[in-house]
Amino acid sequence: MKYFPDEPASGIWARYAVAALPLVYLAVALLYSAWSAPWGQQVDPESAYAMNGLAWAAGYPMIKNDHPGTTTILLIGLIVKLWTFLAGRSDVVEFGLKNYDAIIYASRAAEALILSGALLASGIIVRNATRSALAALLFQVAPFVHLEAMHFEILLIPESLMVSSAIFGTALVLKAALDETPPSVRLGFAQGLVFALGLSSKYLYAPLAILGVSLLRNRRAFATATLVGVIAFFIFNRVLNPYVFTSGFRWLVNLATHKGVYGEGEAGFIDFNVFWPNMAQIISSGPLLFAVFVTGALAALAQMLTSRRLFDPVSLTLVASFMAFAALLVATSKHFHLHYMVASWVLTGGVLVLTSIEVRRLIPRLSPSVTFGAAALVCVGLIATTLLEVRSRALGWRALNDIGARLSKAVVAAGPSCANVSGMFVRAPENELNHGADMTLATPQMEHRFSEAYLRVFDVPLLDHSYYRHLLLKNLLPYSYARLAAEYPCIVVRTSEKLNAKTSAGLLELKPEHCVVEGIQVYTVGIACAKIKDAMQSR
């Protein structure tokens, strides 16, 4: 049975069509990256991963392990090592701190290239499995399905490499489900390896393990995928990021046993007062995606009931895709951030391909142009909506980042001799290194090495009002406002939230003036707060 419409007679069209969307994605990713300053919106968590990669390149263990982010840290570390070698520099830490922004931009570009390559390779696999370049184009809608997916794919965080694994892994799943011959042990090995890499990027990849049902026509292939996935994950992380199995595991246990965000709050699994509203918000943020997964599951169940083939690989894979989506829907509703749905959302292209096939099997008289046309309209709608929203977000955050940068200049202009202290989320270019240091420098020896490297590279002191630790840091080392007041004639502090006795780290004891400039809290000692406002207005 023919599942997709006839294509143009030219073989060249089919050969190059699968390269179109990967190139579009690459162009969008690089443009979006250029408009997203590393010190701006995404300083948390981009700086944490960048600093962990730098520390690993300098010979320290990977400290960040809660997502676990092993693949992201490894990529950054390899880029730092290679760049340091090519630049002929001997001090990795010094080189990394001096070129911090450039390392983040380069790492983002590397992730974008990897995802584009995964999208191209997946398109070729799906084209060969379905004998249709049109099916491959449907599949390649994956990275464009939602604003949150596109945003987190582009930045230097674990989602990008997780999505690369999810897209390529789903293509292998479609090959296993659609090939006329049972899947091979080699295909099972590849699926297991890709799963291990995806899970090493982010734990939210775990529900995709259920897609292994596509291999059930060959139990050896299924067993191979299972064993390789478990063993490869263990070896990869045991060698590179061993804390995954200690503090990382404890973090997961806390998530599962507490109702609050990040394993905080009262004991228990789910707070139903927020669970159902969260679920409603997730579904309403992507109603078309929800409809795609529900339609695929219903079509698969109908096929199973009418054909009485309960282990049909196409039907099983569609049901498994919906179950992976449902599992992440529950997990995200418990611990809410929209982008936690990304691992399931990027299955959309594969679900569209399989649903088109399933509907044609259920209704043979239906023209393939009808099923393909409906799926294509969904794809066009998703791509257009996402690209417009991405543009809007990039412009919005560019404007906010510009405010933070202008305020940094205004502080220097108004008080050139003042101690210039900033905190996270005020979008201050000079504060970027601090969050990464907070998430990386685990021992006094590391703190002193990075502090000394900073002093060799920069002349301006790095003063941070730590958002998470509620203390003052100078050049990455703990300090106090009393000492700072003795050294400088005036102090200017910028924070994202109003300070109290717990969060002020001793600043309020100096009885500072307080004002709000463009939504940023400003505290001053020895200089009028109005002077900062006036300097900002003149810019």
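All values below were derived from every heavy atom in this structure, side-chain atoms included, with hydrogens, water molecules and symmetry-related copies excluded.
- Here the side chain of S47 pairs no donor or acceptor atom with the backbone of D44 at under 3.5 angstrom.
- A cation-pi arrangement is present between K81 and W56 under the rule of less than 6.0 angstrom and at most 45 degrees off the ring axis.
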Practice item. Starting from the C-alpha separation in whole Å, work towards a yes-or-no answer on side-chain contact (heavy atoms from CB on, under 4.5 Å) for T443 and Y60. Key: CA-CA 10 Å; T443 66; Y60 296 102; 5.5 Å; no
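- For H514 (side chain) and K498 (main-chain N/O), no donor-acceptor pair under 3.5 Å exists by modelled atom type.
- In this structure, the side chains of P143 and L119 come closer than 4.5 Å at one or more pairs of heavy atoms.
- Between the CD atom of E447 and the CG atom of L476 there is a distance of 8.0 Å, given to the nearest 0.5 Å.
- A donor-acceptor pair shorter than 3.5 Å cannot be found between the side chains of D66 and Y243.
- No side-chain donor-acceptor contact under 3.5 Å links Y205 and S200.
- The environment of F458 atom CZ is dense: over 12 non-hydrogen atoms of other residues, nucleotides or ligands sit within 6.0 angstrom.
- S284 contributes a side-chain N or O that, together with a main-chain N or O of Q281, makes up a donor-acceptor pair within less than 3.5 Å.
- Remark: K64 NZ to T72 OG1 distance equals 10.5 Å, nearest 0.5 Å.
- The number of heavy-atom neighbours closer than 6.0 Å to OH of Y49, taken from other residues, nucleotides and ligands shown, is above 12.
- No side-chain donor-acceptor contact under 3.5 Å links Q521 to the backbone of V516.
- Checked options N99, V93, V92; the residue passing with V80 is V92 (criterion: side chain to side chain contact (heavy atoms under 4.5 Å, CB included)).
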**Study point:** Worked verdict on R456 versus D91 for salt bridge (Lys or Arg N to Asp or Glu O under 4.0 Å)
**Key:** CA-CA 11 Å; R456 291 195 297 271; D91 192 321; 2.7 Å; yes
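- Contact of the F144 side chain with the L21 side chain is registered, since non-hydrogen atoms from C-beta on lie closer than 4.5 Å.
- A cation-pi arrangement is not found for K259 relative to F269, the charged atom failing to lie both closer than 6.0 Å to the ring centre and inside a 45° cone about the ring normal.
- Around the NZ atom of K98, the shell of radius 6.0 Å holds no more than 12 heavy atoms that belong to other residues, nucleotides or ligands.
- No donor-acceptor pair under 3.5 Å is formed between the side chain of N401 and the backbone N or O of G40.
- A donor-acceptor pair under 3.5 Å is formed between the side chain of N65 and the backbone N or O of G248.
- Side-chain contact check for L388 versus R391: every heavy-atom pair is 4.5 Å or farther apart.
- Shortest non-hydrogen contact noted between L338 and S285 is CD2-OG, 3.5 Å.
- Annotation: the span from W39 atom CH2 to E46 atom CD amounts to 12.5 Å, rounded to 0.5 Å.
- Shown here is Y468, whose OH atom has more than 12 heavy atoms of other residues, nucleotides or ligands within 6.0 Å.
- When side chains are defined from C-beta on, L473 counts as touching P478, because their heavy atoms get closer than 4.5 Å.
- For the 3.5 Å distance criterion, the side chains of E94 and Y454 fail to qualify, holding no donor opposite an acceptor.
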Point to revise | Stepwise side-chain contact (heavy atoms from CB on, under 4.5 Å) test for T495 and V522 | key: CA-CA 7 Å; T495 63; V522 178; over 6 Å; no
Review point. Could you walk me through whether E487 and K474 pass the salt bridge (Lys or Arg N to Asp or Glu O under 4.0 Å) check?
Key: CA-CA 12 Å; E487 294 177 12; K474 181 179 181 181; 3.0 Å; yes
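- In this structure, a donor-acceptor pair under 3.5 Å is absent between the side chains of S333 and N278.
- Counting only distance, with no hydrogens or angles, the side chain of T385 and the backbone of L382 share no donor-acceptor pair below 3.5 Å.
- Side chains of I527 and V492 form a contact here, defined as non-hydrogen atoms less than 4.5 Å apart.
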Review point. When you look at S90 and F95, which way does the side-chain contact (heavy atoms from CB on, under 4.5 Å) test go after all the steps?
Key: CA-CA 8 Å; S90 58; F95 179 82; over 6 Å; no
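- For the 3.5 Å distance criterion, the side chains of R108 and S33 qualify, holding a donor opposite an acceptor.
- Residues Y523 and P512 share a closest heavy-atom pair of CD2-CG, 3.9 Å.
- For the atom pair I79 CD1 and S107 OG, the distance stands at 3.5 Å (nearest 0.5 Å).
- To the nearest 0.5 Å, the span separating NE2 on H67 from CG on L199 amounts to 13.0 Å.
- In this structure, K334 is not positioned above the aromatic face of F275 in the sense of NZ or CZ being under 6.0 Å from the six-membered ring centre and within 45° of the axis.
- Between the side chain of H146 and the backbone N or O of E148, at least one donor-acceptor pair lies under 3.5 Å.
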Review point. So E518 and K533, salt bridge (Lys or Arg N to Asp or Glu O under 4.0 Å) or not? Walk me through it.
Key: CA-CA 9 Å; E518 297 283 359; K533 275 189 170 183; over 6 Å; no
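- Going from atom CG of L499 over to atom OG of S504 covers 6.0 Å, rounded to the nearest 0.5 Å.
- Taking the six-membered ring for Trp and the full ring otherwise, the centers of F234 and F245 sit less than 6.0 Å from each other.
- In this structure the side chain of S165 never reaches within 4.5 angstrom of the side chain of I167, judged on heavy atoms.
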Exercise for review: Could you please spell out the steps behind the side-chain contact (heavy atoms from CB on, under 4.5 Å) verdict for I104 and E432?
Suggested key: CA-CA 11 Å; I104 292 176; E432 179 183 9; 3.4 Å; yes
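- One side chain, D438 or S466, offers a donor N or O that lies under 3.5 Å from an acceptor on the other.
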Show me the donor-acceptor pairs, under 3.5 Å and distance only, between side chains in residues 151-159 and residues at least two apart or in other chains.
from: H151; atom 1: ND1; to: Y32; atom 2: OH; distance (Å): 2.6
from: H151; atom 1: NE2; to: Q42; atom 2: OE1; distance (Å): 3.4
from: E159; atom 1: OE2; to: K202; atom 2: NZ; distance (Å): 2.3

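- Looking only at side-chain heavy atoms (C-beta outward), F450 and N475 stay at 4.5 Å or farther from each other.
- When side chains are defined from C-beta on, V244 counts as touching N241, because their heavy atoms get closer than 4.5 Å.
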Show every donor-acceptor pair shorter than 3.5 Å between a side-chain atom in residues 418-428 and any protein atom, with sequence neighbours excluded, or say none if there are none.
from: N420; atom 1: OD1; to: R494; atom 2: NH2; distance (Å): 2.9
from: N420; atom 1: ND2; to: E430; atom 2: OE2; distance (Å): 3.3
from: S422; atom 1: OG; to: N431; atom 2: ND2; distance (Å): 3.3
from: R427; atom 1: NE; to: L400; atom 2: O; distance (Å): 2.7

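- With hydrogens and angles ignored, the 3.5 Å screen pairs a side-chain donor or acceptor of T503 with a backbone N or O of N500.
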